[in-house]
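Here is the structure we will look at.
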There are 2 protein chains.
Amino acid sequence: MFSSTTEYALRAAVFLAEVREGYHPAQSVAEATKVSVQYMSKVLKLLVESGVAVSQRGPSGGFALAKPPTQITLLDVVQAVEPVERIMSCPLNLPEHAHELCPLHKAMDDLAVVAQNHLRSKTLAELVQQSIVPLGISAAKRASA
Amino acid sequence: MFSSTTEYALRAAVFLAEVREGYHPAQSVAEATKVSVQYMSKVLKLLVESGVAVSQRGPSGGFALAKPPTQITLLDVVQAVEPVERIMSCPLNLPEHAHELCPLHKAMDDLAVVAQNHLRSKTLAELVQQSIVPLGISAAKRASA
DNA sequence: GTATAAACCGATATCTTTATCCGGATATCC
DNA sequence: GGATATCCGGATAAAGATATCGGTTTATAC
């Protein structure tokens, strides 16, 4: 259903929503989400390019959400890395289906709409576990902090 | 959203629902769906292995649906080639989420359920365009028949 | 202004998906 | 029972997604 890149992007976004204030280096995001720093850096870059996150270079730099978690939906994150695309014209290019999707592609497009609506209805804020520990910060690590 | 393999499988299933009686060689399915015979053969094999279609070797052989189109849903076809998987446990393996999905993966699993239900609600029969020409059989080809 | 922490960027490696090729097995038709 | 149409299966190729590596730039802190 979702590619691993999308899964990583969602984990990262939720993490940034949980930790909140300040910049968090890719290193921290990577550890919390259990993804390699190298790959997580690429994913974070996608989030920055799409306006979901912002980045800051240099010491005490890192990544942060571009807007409050209440204003970022799961769809924003998904579209940043692997857009759920609507089907606008028949991929078969049949003359019969030039101006109206055939029933099959209509059904597939319907699902795209349903999926988009579902993802749009959830904000990052709703996924933050206030009372629980931040995503991926394990008991051992917390103890040492 | 869907891989090309899934798209091909759906096209093939709709085609078989449209042409109805008898076996149809991979060649015919491939032409109608605008996919190479070689690749379509592999996709059709997946449909056979999952019980959506049946195959028959030799002259006047080919492929046909295993059940009437009213009894085959889009979900049957999709699950045959690229299952929409439920998320049963937290991929992060966090102790906190051992027996309950974290909100993120709960949301993702919810979408999987919504998608499955959507696909299950449409049968191949509902996608058949009775009054129109079969999928992919163009005007030129019809004229020559 | 120097040292350092961090994002950035391009090159490469690995794995998966998609696609093609070709010989073999099997059923049908005459 | 032989010729033929078709599915079947394995090997290979090409493309894309995933992942890693190393160097470069930029900002911060002191």
Side-chain angles (χ1 to χ4, degrees), chain A residues 1-13 15-16 19 21-66 78-85 91, chain B residues 1-12 15-16 19 22-66 78-85 91:
Chain A
M1 182 103 226
F2 289 109
S3 71
S4 27
T5 299
T6 301
E7 159 92 36
Y8 300 162
L10 287 168
R11 287 186 203 171
F15 172 78
L16 290 177
V19 290
E21 86 291 333
Y23 291 108
H24 300 272
Q27 180 70 43
S28 306
V29 182
E31 279 171 15
T33 57
K34 294 191 179 173
V35 177
S36 76
V37 199
Q38 293 101 344
Y39 199 72
M40 181 48 81
S41 299
K42 309 256 176 193
V43 175
L44 287 167
K45 190 165 75 103
L46 292 174
L47 292 180
V48 171
E49 284 169 359
S50 69
V52 169
V54 292
S55 63
Q56 171 68 27
R57 286 184 169 190
S60 80
F63 296 88
L65 294 179
V78 170
Q79 295 299 86
V81 296
E82 187 196 38
V84 173
E85 295 191 14
Chain B
M1 182 103 226
F2 288 108
S3 70
S4 27
T5 300
T6 301
E7 159 93 35
Y8 299 162
L10 287 168
R11 287 187 204 169
F15 172 78
L16 290 177
V19 290
Y23 291 108
H24 299 272
Q27 180 70 43
S28 306
V29 182
E31 279 171 15
T33 57
K34 295 190 178 173
V35 177
S36 75
V37 198
Q38 293 102 345
Y39 199 72
M40 181 48 82
S41 298
K42 308 263 177 192
V43 174
L44 287 167
K45 191 165 75 107
L46 292 174
L47 293 180
V48 170
E49 283 169 1
S50 68
V52 168
V54 291
S55 62
Q56 172 69 27
R57 287 184 169 188
S60 81
F63 297 87
L65 294 179
V78 170
Q79 295 299 85
V81 296
E82 187 195 37
V84 173
E85 294 193 12

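Below, chains carry the letters A, B, ... as their sequence lines are ordered, and counting in each starts from 1. Only heavy atoms go into these numbers, but all of them, side chains included; no hydrogens, no water, no symmetry mates.
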Assign A:Thr5 to base, sugar-phosphate, or nothing according to its heavy-atom contacts below 4.0 angstrom with the strands shown.
sugar-phosphate
Looking for any heavy atom pair under 4.0 Å, which part of the strands does B:Lys45 touch: base, sugar-phosphate only, or nothing?
sugar-phosphate
By nearest-heavy-atom nucleotide on DNA chain D, the more 5' of A:Gly61 and A:Tyr39 is A:Tyr39
Of the non-hydrogen atoms in A:Val78 and A:Phe2, which two are nearest, and what is the gap between them?
CG2-CE2, 4.2 Å
Over how many whole Å does the gap from B:Lys42 atom NZ to D:dT6 atom P extend?
19 Å
Check DNA chain C against residues 48-57 of chain B and give the residues with a non-hydrogen atom under 4.0 Å, in numerical order.
B:Gln56, B:Arg57
Report yes if the side chains of B:Val48 and B:Phe63 come closer than 4.5 Å at any heavy-atom pair, otherwise no.
yes
At a heavy-atom distance below 4.0 Å, which nucleotide of DNA chain C is the first touched by chain A, and which is the last?
C:dT4 to C:dA11
What pair of heavy atoms forms the shortest contact from A:Met1 to B:Met1, and how long is it?
CE-CE, 3.3 Å
What nucleic acid atoms does A:Phe63 come within less than 4.0 Å of, heavy atoms only: base, sugar-phosphate, or nothing?
sugar-phosphate
Where do A:Phe15 and A:Ser28 come nearest, in terms of heavy atoms and distance?
CZ-O, 4.2 Å
Return whichever of A:Gly58 or A:Ser4 has its heavy-atom-nearest nucleotide of DNA chain D closer to the 5' end.
A:Ser4
Minimal non-hydrogen separation, B:Ala12 against B:Thr33, with atom names:
N-CG2, 3.8 Å
For B:Ala9 and B:Leu47, work out which heavy atoms get closest and say how close.
O-CD1, 4.1 Å
With the side chain counted from C-beta on, respond yes when B:Val43 and B:Met40 share a heavy-atom pair under 4.5 Å apart, and no when they do not.
yes
To check you understand the geometry: which heavy-atom pair defines the closest contact between A:Tyr8 and A:Val35, and what is its length?
CD2-CG2, 3.6 Å
What's the spacing between A:Gln27 CD and A:Glu31 CD if we round to 0.5 Å?
4.5 Å
Reckon A:Ser36 has a side-chain N or O less than 4.0 Å from the OP1 or OP2 of D:dT20?
yes
Rounded to whole angstrom units, what separation is found between the CD atom of B:Glu82 and the P atom of D:dA17?
13 Å
